[in-house]
Structure formats: structure tokens, C-alpha cells
Amino acid sequence: MALAPKKDLTAKIMRSKIYSLLLQDKRIDGRKPTDLRPIKIETGLLSKAEGSALVSMGSTKILTGIKVEVGVPFPDRPDEGTFTVNAELLPLASASFEPGPPDERGIELARVVDRSLREGRVLDLKKLCLIEGEKVYVLFIDIYVLDYDGNYFDPSLISALAALATAKLPRYDVVDGKLQKTGEYFTPEIRSLPFTVMVGVIGEKFLLDPQLEEEKVLDVSLVMGADEKGNITCVQKNSPGQVPLELMDSIVDIVIEKTGEIRRKFLQEVPVKLAESP
Amino acid sequence: MALAPKKDLTAKIMRSKIYSLLLQDKRIDGRKPTDLRPIKIETGLLSKAEGSALVSMGSTKILTGIKVEVGVPFPDRPDEGTFTVNAELLPLASASFEPGPPDERGIELARVVDRSLREGRVLDLKKLCLIEGEKVYVLFIDIYVLDYDGNYFDPSLISALAALATAKLPRYDVVDGKLQKTGEYFTPEIRSLPFTVMVGVIGEKFLLDPQLEEEKVLDVSLVMGADEKGNITCVQKNSPGQVPLELMDSIVDIVIEKTGEIRRKFLQEVPVKLAESP
Amino acid sequence: MALAPKKDLTAKIMRSKIYSLLLQDKRIDGRKPTDLRPIKIETGLLSKAEGSALVSMGSTKILTGIKVEVGVPFPDRPDEGTFTVNAELLPLASASFEPGPPDERGIELARVVDRSLREGRVLDLKKLCLIEGEKVYVLFIDIYVLDYDGNYFDPSLISALAALATAKLPRYDVVDGKLQKTGEYFTPEIRSLPFTVMVGVIGEKFLLDPQLEEEKVLDVSLVMGADEKGNITCVQKNSPGQVPLELMDSIVDIVIEKTGEIRRKFLQEVPVKLAESP
Amino acid sequence: MSRPERLIDENGRRVDGRRADELRPIRMEVGVLDKSDGSAYVEFGGTKVIAAVFGPREAHPRHLALPDRAILNCRYHMTSFSVEERKPLGMTRREIELSKVIREALETVAFLEEFPRAAIDVYVEVVQADGGTRTAGLTAASLALADAGIPMADLIAGVAVGKVDGQLVLDLCDLEDKYGEADMPVAMAPRFNSIVMLQLNGRMTVEEFKRGLALAKKGIDEIYRLQREALKKKFSKISPEEV
Amino acid sequence: MSRPERLIDENGRRVDGRRADELRPIRMEVGVLDKSDGSAYVEFGGTKVIAAVFGPREAHPRHLALPDRAILNCRYHMTSFSVEERKPLGMTRREIELSKVIREALETVAFLEEFPRAAIDVYVEVVQADGGTRTAGLTAASLALADAGIPMADLIAGVAVGKVDGQLVLDLCDLEDKYGEADMPVAMAPRFNSIVMLQLNGRMTVEEFKRGLALAKKGIDEIYRLQREALKKKFSKISPEEV
Amino acid sequence: MSRPERLIDENGRRVDGRRADELRPIRMEVGVLDKSDGSAYVEFGGTKVIAAVFGPREAHPRHLALPDRAILNCRYHMTSFSVEERKPLGMTRREIELSKVIREALETVAFLEEFPRAAIDVYVEVVQADGGTRTAGLTAASLALADAGIPMADLIAGVAVGKVDGQLVLDLCDLEDKYGEADMPVAMAPRFNSIVMLQLNGRMTVEEFKRGLALAKKGIDEIYRLQREALKKKFSKISPEEV
């Protein structure tokens with residue numbers, strides 16, 4: 001059952017401070033409204049995960065690990081590997097996160113990342129098939145929010161993509177219908193790099209990649225994403241509040257620009273060769 | 001853990017009003033003590049369910065849907081199909097129903113309907129076997145209480161029977177030990193039509209099919225059912241309180257009479273041809 | 001999430017009373033500090049369990065039952081049967097036990113008994129294999145605390161061992177790769193009899209097998225166990241508090257002595273022939 | 001456990017040698033546990049149950065408390081090894097339903113109004129199940145309530161009647177329950193000549209149903225007698241000095 | 001349900017015969033349930049949803065209550081038989097996410113500040129799913145809120161737009177949702193010309209996205225008109241004497 | 001990960017080249033997270049853990065609060081990819097047990113009486129498991145408590161000792177834990193020369209047990225030194241102006 005969250009009372013004062021700054025194109029941490037926070041990407045830190053990435057965006061820190069198993073394909077997609085995305089808002093990341101199974105926020109995060117990967121056609125799932133109709137690679141992409149200073153969406157997707165792009169999957173030979181590890185490894189081909197940008201609206205103004213103090217006082221927020229071809233690959237209004245329809249055009253345009261910026265940063269940091277896109 | 005429910009304090013005044021009326025053979029809604037509320041039965045409203053029925057008894061509304069799958073039989077009944085009954089007291093039906101997994105009331109309802117169908121031998125489960133010991137029809141009979149104005153038992157059983165009697169199950173051919181849909185459908189044979197009547201006791205008097213205001217002030221209630229041959233197929237004391245032993249004879253007799261009344265109504269509304277009973 | 005338990009305020013008075021007695025080598029129930037409470041062992045009380053034992057240690061009562069099924073072995077141990085230990089602190093045993101799934105105390109108890117049995121190599125699991133890699137005996141050792149007057153650890157292990165030592169497992173013949181019951185039964189060989197003793201520390205003193213009033217005021221407690229060869233088979237600090245390092249030598253020595261005492265009692269009461277130890 | 005050829009032989013004897021209207025050997029003991037406020041052990045043949053009562057105690061969480069009476073909580077639970085096939089841990093739907101009907105029977109006789117804002121917890125643990133566990137459990141629970149000193153209008157005694165090979169029988173055992181035509185658990189408050197629990201699993205004619213209630217009543221009167229004896233035995237153990 | 005060869009034919013007609021910008025037949029009825037404080041039934045073609053509202057009522061547990069406004073709880077739930085493959089009982093991750101986005105849309109227009117310390121519960125039950133269940137559900141929920149007398153700044157109307165065989169279409173049905181390229185549920189508060197729910201499943205170009213919003217707006221204006229009609233119809237049924 | 005032929009070679013070297021009484025390379029950092037009140041990262045070879053502390057804060061629900069001291073909650077949790085086979089989401093029985101023993105160790109040194117009615121939450125997250133996760137986790141948790149400014153009687157340092165190919169070794173790695181004869185996690189409050197956590201998985205003779213405790217003590221003294229260094233390093237980063 002979705003439960004309406006409490007609104008911090010002191011938030012009102014902070015809102016008017018942030019809004020006043022915004023009218024002057026400024027923010028509390030010195031950024032311009034459309035500036036993202038610094039992004040750091042580290043990959044391959046963990047040896048028991050087939051892929052891993054630690055990504056920070058300002059003080060928000062996300063750790064994603066990938067475990068690979070051999071499983072059965074879905075009946076309606078017998079020649080495709082599968083993946084699932086889980087996200088845990090770890091209680092050590094914020095006093096506002098509770099221990100226990102993912103609540104609606106964790107589930108929303110997982111599903112937004114899942115849709116971005118799936119609809120962005122990041123993986124060629126047919127290349128993750130081992131024996132048609134019987135055995136395929138099953139990827140578990142598990143996202144952990146370690147430190148939460150606002151906007152866990154964008155760095156979560158970055159870390160999922162970085163972990164995927166640097167993952168090492170064991171190769172198998174099919175011998176008499178059975179699978180045998182060859183001892184070799186391969187990195188899954190990445191066909192597309194969709195990223196998202198979280199957009200916060202206050203009054204008739206907007207800012208990107210809110211840090212926590214900003215996030216708390218937004219009128220409304222959106223997560224929007226795009227791939228390298230300029231396709232919109234993700235839209236999620238993720239908070240209460242109304243988005244003025246007339247703001248949408250400029251929001252879409254800045255999202256295209258800023259996801260490009262993230263992509264360039266990503267390609268600098270992560271050794272990924274983009275496969276031909278579908 | 002079964003938890004004793006709260007007793008409404010204002011209930012006492014209502015109880016004495018209802019009891020006084022009962023002494024004059026009257027009820028708050030103008031019915032006689034042994035009158036049932038009007039019953040409406042609609043079937044086949046839904047296209048994704050293999051069977052469905054919306055039944056109202058006064059303002060109490062029940063929606064039952066049946067989904068059919070192919071599954072494995074129980075080891076000790078290799079030549080019989082299976083069915084399970086679930087019931088959800090949806091929170092939109094009453095402020096007293098909570099969202100979440102079925103509580104003891106929902107479980108009791110499901111099990112009372114299940115026993116009525118099973119012990120009443122409504123279905124010939126042997127006719128729901130596809131390949132002995134391997135493949136059988138598995139029926140999920142899911143009951144949703146949509147609007148709760150007292151006595152969800154009787155209309156739930158009516159709706160389960162109406163959904164069963166009008167269900168369309170896909171036919172299969174067995175080709176080389178495998179199942180293939182033929183594209184044809186059949187309706188399961190109904191061998192028996194057991195119905196129930198909820199009986200409420202106040203003092204030394206009783207009334208049938210209580211509406212909510214009555215239900216809240218009953219001293220005790222029973223759900224009793226019978227089939228077309230006059231067999232008792234269901235008994236469930238379903239509330240706290242004592243039933244005077246000397247009332248039981250007249251209760252049984254009225255239950256036989258009133259389940260017959262429901263059966264006639266049912267046969268008028270629902271196109272069912274009773275198969276030879278076991 | 002582990003939750004710190006409340007400390008009874010009146011406990012302080014009781015603590016000083018118990019400590020004063022301890023300084024005189026006395027206890028509230030007349031025992032010496034290293035005396036155990038009387039142990040009673042009854043086996044074979046239940047007919048639907050393949051093994052059962054009711055053990056009391058003072059007023060603390062434990063009922064353990066064993067159910068046996070045929071299942072598949074673990075992939076890395078294809079020629080060994082398996083067992084699992086569960087423990088339920090039944091709410092009828094104490095006002096401090098809640099109904100519901102085992103909390104951290106029940107889980108700790110199950111895991112301590114499990115480790116004692118497993119690391120003590122009580123069973124020759126290879127003798128519980130039926131068809132290598134396919135079919136093995138699966139033992140469910142389920143422990144129920146019926147009455148809790150302190151120290152449920154020691155009697156739980158005793159009852160698990162007594163139930164195992166007197167269990168009757170059905171024999172199977174392998175006919176054409178399938179299992180058939182022969183109608184005969186056998187008792188699993190017991191290779192080792194590890195027991196535990198719970199040690200409570202107050203100040204610089206310790207006592208064994210605390211009853212509930214003592215347990216509530218201990219500074220700290222340990223469960224330690226040993227087998228007939230003098231191997232330490234179990235150590236579990238099971239409460240908050242510090243154990244002075246210099247106490248450990250005398251604790252270990254008394255644990256060896258007292259587990260021997262329990263073993264002699266056990267061998268008197270339970271018909272068990274120890275197999276050659278591994 | 002497979003079906004015997006006949007559940008009643010040519011001499012009218014049942015699978016365990018009983019006559020149709022005969023109870024199994026019954027054992028009752030009050031006050032079997034130390035740490036609960038009241039407890040009882042009841043055995044009907046192979047059916048073995050323990051019941052314990054805690055309270056009255058303060059109800060928590062607070063908003064569940066009732067201003068005019070105690071709430072009565074009840075849990076009917078089976079050990080995993082009480083039945084033929086191991087019962088999974090956790091409460092099954094059957095256990096949840098039976099917890100409800102047992103509680104509703106007990107509420108009927110306990111003077112809950114004497115303890116406003118309080119809670120009373122009743123736990124029934126089935127140690128071995130051989131038919132009639134809910135009625136044995138309820139019988140034990142009412143003894144445990146009495147042992148806990150909860151004032152009651154009456155004790156509750158229960159027993160199952162059933163239909164087996166076409167014949168009504170008293171106090172079904174597991175085999176009769178499984179392979180018979182009907183199982184009807186009945187519990188009464190004998191002083192009031194009233195029914196406090198009634199369920200049916202199976203089918204009966206109206207005439208059988210009525211006769212079944214009478215047969216149950218016969219068994220219940222005997223069980224009720226044994227209950228009072230068991231209570232007397234418990235309280236006679238307490239020496240005058242203790243009182 | 002297998003993929004048809006084409007989702008749009010040579011005449012620009014969709015699988016169910018509609019034009020690209022055509023809504024399915026819509027049915028709305030307010031006040032369909034007796035025991036909730038407000039309710040509505042909404043049908044978009046084969047999609048059938050019921051919504052009910054309870055409250056404002058006292059919020060419990062107490063520590064969840066807000067000093068300055070009501071909390072609004074929302075549950076979007078599907079019956080097990082509303083979809084092709086039986087939906088397991090219990091809430092799926094999808095249902096939990098949609099409950100969140102529907103609640104966040106409703107919070108936007110309800111005057112929650114009028115009911116400090118209170119709670120309002122909104123339940124959306126999908127009886128049959130044929131595309132656009134969340135937007136139909138939100139449309140129904142806003143009617144149910146109005147029916148319950150909760151003051152609102154505006155009604156909310158929603159519809160999905162999608163991309164099918166390369167073309168933008170209004171009000172996707174299940175087949176189009178499943179085999180199309182994109183599904184974008186949109187809901188607006190028309191009086192404010194603002195978006196209150198927006199999600200995307202699939203890919204669109206920037207230009208398609210912008211046109212998609214405009215197409216949604218067109219549908220939403222029509223749905224909004226039908227909502228007001230349905231409310232009028234409900235309240236005109238109440239005779240003057242009742243008021 | 002299969003069993004090597006020998007876990008200790010002819011030169012007394014272990015699978016990773018260490019001597020029997022040698023710790024793995026240890027890394028500690030205090031204050032690694034921004035949004036918790038205290039945090040620490042600890043690495044023992046391939047074992048990597050983060051701990052964070054929140055509080056003291058008001059305890060809720062209220063009835064859990066203690067009048068004379070803070071309650072200390074603790075959760076030990078592993079990421080799904082910290083181990084060879086993916087760990088299912090949710091808490092395993094092992095994690096629940098270790099949460100208990102870690103909490104009971106921390107309660108021993110934190111001055112909880114200074115914060116009546118409050119709660120302190122400690123979270124230990126195992127990022128990679130290569131043996132000794134509970135002792136590394138406890139070591140990190142005590143640093144995080146110190147970082148959060150919770151007054152403590154002492155720091156807690158922990159390490160596992162084990163028996164491998166018949167020999168006692170310090171600071172087990174995963175391979176030694178899995179294929180060795182015994183794993184004994186030990187944690188101490190060095191200032192008090194007392195044990196605050198002690199468990200055993202496996203078998204040891206009495207003599208080995210006693211020697212094992214002494215070996216643990218040796219490792220713990222070194223870990224304790226590193227802890228104090230890490231704390232100094234953290235607090236030396238804070239410039240005088242900030243204080």
C-alpha cells in the first residue's frame with residue numbers, strides 16, 4: 001500500500017531560499033541549475049561478482065554487482081538470456097531508509113533502471129543464449145544505495161551500465177547437450193548507452209540532479225532518459241506535484257544534452273566498445 | 001493468531017431494536033425473519049477469466065473468476081483434476097477490511113466455500129484429468145468481496161457455482177504424450193448444487209441472511225448448507241456466542257427450505273444442466 | 001534486525017542476592033554453582049514422528065521430533081544424507097515468547113544445536129545415502145520449547161540427540177532405480193555424543209545451567225560443549241556482556257567435566273550404542 | 001496409512017475395536033506447565049494436545065485494548081511432526097481457521113468483562129494428531145483457562161462425531177476421519193445446553209445431522225465429567241497451607 | 001494472444017478498427033458501491049476498473065498522522081483473473097510501483113490540508129486488464145474522491161498514448177501495448193494544464209514524445225468531459241428532498 | 001573454489017603465503033559515508049565491510065523505549081554478490097544470528113545509559129566475503145560508533161582463528177574457513193582483557209582452544225592499534241577551526 005510521505009515543516013524556509021537562488025540561476029552548492037554533480041566511476045572492485053561498479057554523483061554513492069547463473073529462458077523467448085534488476089535502499093545510506101524488504105521507492109528505482117536497460121536495448125539477449133529453449137545466462141543486477149544525498153536514479157543507472165560493460169561472463173561449451181565451463185570469459189556487448197537525468201521543478205523553474213536538501217523541497221520531479229541516438233528511453237514522474245505542460249519542451253531538450261554529457265564521461269572512464277545498435 | 005474483534009458499543013441499542021422487531025416477525029429493512037435479500041446473478045462478464053460471475057445479495061456484491069491451468073495431480077489422486085478456492089475481502093468493500101494477505105475471515109470464507117464444493121461433490125474431478133498421473137486441469141476459483149453489507153458467505157458460494165457452471169475450459173488432444181489445444185471449449189459438468197444460508201440468532205429467535213447492521217448485533221451466527229437431495233453439506237458456526245441446542249431442529253428445516261429457494265432462482269438465471277449426481 | 005532486549009529493573013536486587021549467595025558457593029534453589037538441574041529423558045512418545053524425545057532440565061521442557069523424507073543430496077555432497085534443525089520458542093512456554101516465525105533467539109538455538117550435531121559429526125551422513133547423487137534421507141529435526149525456566153540450550157541438544165538415537169528410519173530397496181520400502185526400520189548410528197553446558201557469569205564468579213531467575217541477571221553467558229574425546233564442539237557467547245579472559249580456563253575445564261556427567265546420564269537413559277568415532 | 005477394507009466390522013466394531021458410541025481412552029491433566037498462568041494436557045487416544053493460558057495482562061499495542069472487556073487471543077498450532085506428512089513451519093490456512101473457531105468458542109464462556117483493557121492469550125499446541133484435534137484442543141484450552149483462574153460461566157467440552165461406512169460414530173480417529181463420509185466437530189457448554197463450536201466436513205442427511213448432535217452430546221457429557229475430575233485432582237494437590 | 005501481422009492496416013485502422021487518435025468506448029459510473037464513502041466504475045474498452053474511497057478518518061497508527069494535512073493512502077490492485085496468465089495473490093512489484101504513481105497524482109489535486117491528522121484511503125481494483133489500467137484506475141479514483149466529497153482542485157483524467165507500427169496512437173489496447181514500440185501513460189489536471197502522472201515503457205524520438213503529449217491532451221479533454229457528465233448524472237439522481 | 005591439496009605447505013606457508021600467526025593486509029577508514037552519523041570501512045584481505053551508525057535518536061515505536069538507557073539495534077547484512085553463490089535477497093538465518101552476536105558485543109562497551117529512551121542503529125554491510133566477515137564487521141561497527149561520537153568504554157577488535165591441516169592459524173580466509181577443521185571468531189575489548197564475542201564452528205581440543213584464544217589476542221592487539229590509528233587519521237583531518 002502506497003503511503004503518503006510526511007512533508008518536513010522546516011522545508012518551507014529552505015524552499016524559498018532555493019527558489020530565490022534559482023531565480024538568479026544559482027544553487028545552494030554553487031552549481032548552475034543545469035549542472036550535474038561530479039561523477040566518479042570505479043569498476044571491477046569486487047572479485048566474487050561477475051561485474052561491479054561503484055559510482056558516486058556528489059555524495060550519493062551506488063554499488064552495483066552482477067551475479068551470473070545458468071537458468072532457463074522464458075517460454076515466449078526461448079533464444080534469449082534474461083536479467084533482473086533489484087535495488088536496495090540500504091539503511092546505512094540514510095536515516096529515512098528502513099531495514100526490510102524494498103519499499104515502494106526501492107521498487108520504483110529497480111523498475112526504472114530495468115526499463116531503461118530493457119527498452120534501451122542495452123544487451124543483445126540473443127547472445128546470452130546457451131542452448132535454445134533450455135539454458136541461458138541469467139544476470140542478476142543488484143543495486144545498493146550506500147550513501148543517499150539526493151537523486152539515486154541517475155548514478156544507479158550509470159553503475160548498472162558500468163557493471164554490465166565490464167562484466168566477465170564464463171564461457172561454456174555444449175558437450176553432449178551438457179554445459180562445460182571453458183575457463184574463458186567474455187564481456188557482454190553493449191549496444192546502447194541510455195542515461196537518465198533527474199529534473200526537479202520549483203515554481204516555473206527547474207534544476208537538474210538535485211542534492212538531498214533540494215530534493216526535499218521540490219514541487220515535483222521527473223526522471224528522464226535518452227540514448228545516443230536521441231531517443232527518449234525513460235520517463236518517470238517520481239513524486240507528487242504537477243509538472244506544467246509548457247515546461248516539458250525545454251526539459252526534454254536539456255535531458256538530451258545532459259545525458260550526452262554523462263555518456264561522454266562514461267566512455268572516458270569505462271572501457272566499452274559500443275556494438276552496432278539495433 | 002486469531003484476535004477477538006471489537007464489539008461496537010452503540011450496537012446494544014441496535015440489538016434491542018432488531019430484537020423487538022423480530023418478536024413481531026419484522027426486520028429493519030421490511031423483510032420477514034426468514035426472507036432472503038434479492039439475489040442477482042450475472043455471468044460471463046469477463047473475457048480473460050475462463051469463468052466469472054457477479055452476484056449480489058441485497059447490497060453485498062461478490063465477483064468470482066476462474067482461471068484454468070494445466071498442472072500435475074496430487075500423488076494420491078492421479079486421475080483427478082484439482083481446484084483451489086481463494087477469497088479476498090477487498091478493502092474497497094468495507095472500512096473494516098484491511099489491505100494485505102487474507103486474514104482469518106477471508107480464510108474462513110474460502111475454506112467454507114471450498115468444503116461446500118468439495119463435500120457437495122459439485123465437480124466430477126475425474127473428468128478434469130488429461131493424462132493420468134501427469135496432467136490435469138487445475139482450477140483457481142478466486143472470490144472477491146466487492147461490497148460488504150453483511151453475509152458474504154451465501155453469495156460467494158452462489159458466485160463460485162455460477163462461474164463454474166458457465167466456465168469454458170479449453171479442450172486438449174494428447175499427441176505423442178504432449179498436450180495440444182484443439183481450439184474447442186467445454187463447460188464442466190455440475191453434479192450437485194449445494195447452497196448455504198447464513199442464520200443469525202438473537203435471544204431465542206433467528207433470522208436469515210443478515211444485512212450488515214443486523215450482523216453486527218447477532219448473538220451468534222451459523223452458515224449451513226444443503227444440496228438438492230436434502231443432504232447437509234456445510235455447517236460452520238462462524239462467530240462467538242452460543243447456539244441453544246433446542247433451536248437446531250428448526251434451523252436445519254428452514255435451511256433445507258431456503259437453499260431450495262436459492263437453487264430455483266439459480267436454475268432460472270444460470271444455464272446449467274445438472275449431471276447425474278454421484 | 002537484532003533488537004536490544006529490555007533489562008528488568010527489579011533485576012538489580014535479584015542480581016545482588018544471587019551474587020551474594022554465589023560468594024558462599026550457594027544458589028537460590030539450593031544448588032552448588034556447578035550443579036546442573038535434574039535431567040529427565042523420555043523417548044518414543046510419539047508415533048507419527050520417526051523419532052522423538054521429551055527432555056526436562058529442572059522445569060525447562062523441550063520436545064524434539066524427527067520427520068524423515070526422501071530427497072536429493074546437496075550437489076557438493078552427492079553421497080550424503082542431509083538434516084536440518086529448526087527450533088521454535090513456543091509462546092506457551094513463556095510470556096516472553098511471541099507467536100510467529102522464529103526470532104533471533106529461536107534461530108540462534110537452532111543454529112547452535114545444528115553446529116553441535118554437524119561439527120560433532122554425530123551422524124555418519126554417508127550411511128543416509130540411498131542412490132548416490134539422486135536420493136538420500138532428509139531428516140527434519142524440529143525442536144519445540146514447551147516450558148522455559150532458563151537455559152533452553154542444553155536440554156534442546158539432549159533431546160535432539162535422544163530423538164536421533166532412538167529414531168526408526170524406513171529401509172528402502174532400490175529396484176530398477178526406484179525406491180521401495182522394505183517394511184523394515186533401522187536406527188541411525190550415533191558416532192559421537194557432544195553435549196553443552198550453559199555457563200553464566202556474575203562478577204568474577206560463574207554458575208552452570210541457570211534457571212530463569214538467574215538467567216535474567218547474569219552479566220554474561222556462554223554455551224560451551226564437548227564430546228566424549230574432550231574436543232570442544234560448541235562455543236557460543238549468547239548474551240551481551242564481557243567474559244573476563246582469565247575465567248576461560250576454568251570454564252573450559254568444568255565444561256569438559258559436566259558434559260561428561262550429562263553423557264553418563266544420557267547413556268543410562270537412552271539405549272544408544274556409540275559407533276566407532278571418525 | 002492406507003484405507004482398511006472396512007471401517008466397521010460385522011460385529012459393529014470400529015478399526016480400533018470401539019463400538020459406534022464409544023469414546024477413546026481419555027487422559028486429562030491440569031497444570032502441566034510451570035511458566036504459563038494455566039495449562040492442561042489432554043489425550044484422546046492418539047491425539048495429544050497441550051494448552052496454555054497467559055493473562056489477563058495489559059493489552060498491547062494499546063489501540064487494540066477494549067474499554068469494556070478483555071480481548072481473547074487464541075492460536076491453534078500443530079508441531080511439524082504431529083501428522084503423517086511433515087507440516088511446514090508457520091501457520092497454515094487450516095490452523096488460522098481453527099484458531100478462529102476455538103477462540104469464538106472460548107469467548108462464549110469466559111467472563112471477559114471482568115478485565116477491561118486486558119488481553120488473555122490462549123495457546124493450543126497439537127503434539128500428535130489422530131483425529132479430533134480441534135475438539136481436544138478446545139477441551140484442553142477451557143481447562144487451562146480454569147487453571148489460570150479466569151472466571152468462566154462453564155467449561156467447554158468437545159468431541160467429533162462422524163459418519164463411517166454409513167454409520168454414525170463418536171470420537172473419530174484419524175483413519176475414520178480420512179476415509180469416512182463425514183466429520184462433525186461439536187463443542188458445547190453443557191450447563192447451558194448450547195453449542196459453542198460446530199463445523200462439518202462431509203455430508204449427512206438431516207436425520208443423521210440431528211442424531212449426530214445427540215451422539216455428540218452423549219460424549220460431551222462424559223468428557224465434561226472427566227474435566228471436572230481433572231480440575232479437582234489439580235486443586236486437591238494444593239495443600240491447605242498453600243491456600 | 002499472438003502478434004497480428006500488422007497492428008495498423010492499409011487504411012490506418014488499428015486492430016480493433018479505431019483510427020490512431022480515437023478513444024475506445026468509455027463507460028463511467030459514479031457511486032457504484034454501497035459501503036465505501038465514494039466509488040466509481042470506469043471502462044475503457046476491455047479495461048474495467050473500480051475505485052473506492054474511505055475517509056477522511058482518523059489516521060492510525062497515530063505516529064503516521066500529519067499535523068497539517070491528511071495522509072492519502074492508495075492501493076492499485078488487480079484481480080487474479082484480470083490478466084491472461086493468472087496473477088498470483090499478493091502485491092507484485094508492478095502493483096506497488098503503480099500504487100505510488102497513482103497516489104502521487106491524486107495528492108496533487110486533493111485539498112489534504114483541510115483534514116489535518118486524518119487519513120484518506122483510495123483503492124483501485126482492476127477487474128479486467130486490456131491496456132491503460134493505471135490511467136483508467138486514476139480516472140476512476142479521482143471520480144471516487146469527488147463522490148466521497150473530498151474537496152479537489154480539479155479532476156484527474158488519464159490515458160495512454162503509444163507507438164505502434166511506427167505510428168502514434170491514442171488509448172492503447174493490450175495487443176498494442178504488448179506488441180507496440182512504446183506505451184506512455186499520461187494523466188493531467190486539465191484546469192491547470194499540468195501533468196500529474198507520466199511514465200514511459202519503450203522508446204520514442206523527442207519529436208514523437210512531444211506529439212505524444214499533445215495527443216494525450218486531446219484524449220484527456222474528452223475523458224474529462226465524460227467524467228463531469230458522470231458526476232452530474234450521479235448527483236442529479238439525488239432528489240432535492242435528499243439534499 | 002575447490003579444495004587445494006594442502007592448506008599449509010612444507011614451509012609452513014598458507015594458501016595466500018602467510019605464516020600461521022600472520023594477519024592479512026588490513027585497511028581501515030573512518031567516516032566514509034556522508035549521510036550517517038558515523039561510518040567506517042574495513043578490509044581484511046578480500047573481506048570488505050562497511051558499517052554505519054545512526055543516532056542516538058528517539059526510539060519508535062514508543063513502547064520499545066527504555067527508561068534508563070538507549071536501545072541498540074544492529075543489522076549484519078551481506079550484498080547478494082558478496083559470496084560465491086548469489087545470496088538471496090532478504091535476511092538469512094545466518095545473518096539474523098550474526099546480527100545478534102554483533103549487537104551483544106557492541107552493547108558491552110557503548111555507554112547506553114547516557115541516552116535514556118533513545119535508539120542507536122548500527123548497520124554492517126558485507127560488500128565482499130572472504131572469511132572473518134563478522135569480526136571485520138564488528139571491528140568496523142565499533143569504529144563507526146566512535147565516529148558517531150557515541151561514548152564507549154573501549155573499542156572492539158575482532159579476528160577469527162582457525163584450525164587448518166591440524167594447525168592453528170590467525171585470520172582465516174574463505175578457503176581456510178571452508179576446508180579447514182575449525183573457525184573460531186573472537187572479539188575483545190582489549191582495555192578490559194575480556195571477550196565480547198566468541199563462537200566456534202568446528203572442533204578443537206581443549207589445548208587448541210586455549211592456544212587459539214591467545215593467538216586471537218595477539219591479532220586483536222594489532223587490529224586495535226590499527227583502529228586507533230584510523231580514528232586519529234580521521235580526526236586529524238578536521239582542522240582546528242572546525243572544532
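Just so we're clear, the structure is a prediction, and the values are computed from it rather than from any experiment. Values below: all heavy atoms of this structure, side chains included; hydrogens, waters and symmetry mates excluded. By convention in this document, chain letters (A, B, ...) are assigned in the order of the sequence lines, proteins followed by strands, and residues within each chain are numbered from 1.
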With a 4.5 angstrom heavy-atom cut-off, could you sort out which part of [X] is near chain D: side chain, backbone, both or neither?
X: C:Ala93; answer: backbone
X: C:Tyr148; answer: backbone
X: C:Ser94; answer: backbone
X: C:Pro91; answer: both
X: C:Glu50; answer: neither
X: C:Thr64; answer: backbone
X: C:Leu146; answer: both
X: C:Leu90; answer: side chain

Does atom NZ (D:Lys35) have a neighbourhood of more than 12 heavy atoms from anything else shown, all under 6.0 Å? yes
Quick check on C:Arg77: does its CZ atom have over 12 non-hydrogen neighbours (other residues, nucleotides or ligands) under 6.0 Å away? no
Could you tell me which portion of [X] (side chain, backbone, both or neither) has an atom closer than 4.5 angstrom to a non-hydrogen atom of chain C?
X: D:Ser82; result: backbone
X: D:Val127; result: both
X: D:Ala129; result: backbone

Step-by-step side chain to side chain contact (heavy atoms under 4.5 Å, CB included) determination, D:Leu89 to C:Phe140: CA-CA 11 Å; D:Leu89 305 178; C:Phe140 294 94; over 6 Å; no
With a 4.5 Å cut-off on side-chain heavy atoms, are C:Asp142 and D:Phe81 touching? yes
Answer yes or no: is there an ion pair linking C:Lys48 with D:Asp174, defined by an N-O contact shorter than 4.0 Å? yes
For the backbone of D:Glu84 and the side chain of C:Lys67, can you confirm whether one donor and one acceptor N or O come within less than 3.5 Å of each other? yes
Determine whether a donor-acceptor pair (N or O, by modelled atom type, separation under 3.5 Å) exists between the side chain of D:Asp34 and the backbone of C:Asp149. no
D:Tyr123/C:Phe97 aromatic ring centres below 6.0 Å: no
Please determine whether side chain to side chain contact (heavy atoms under 4.5 Å, CB included) holds for the pair C:Leu46 and D:Lys48, giving the CA-CA distance in whole Å, both sets of side-chain angles, and the decisive distance to 0.1 Å. CA-CA 9 Å; C:Leu46 303 178; D:Lys48 298 163 198 251; 4.0 Å; yes
Looking only at non-hydrogen atoms, find the nearest pair between C:Tyr144 and D:Ser80 and report the distance. OH-N, 2.9 Å
Would C:Leu92 and D:Leu33 satisfy side chain to side chain contact (heavy atoms under 4.5 Å, CB included), going step by step from the backbone distance to the final call? CA-CA 9 Å; C:Leu92 52 58; D:Leu33 300 179; 4.1 Å; yes
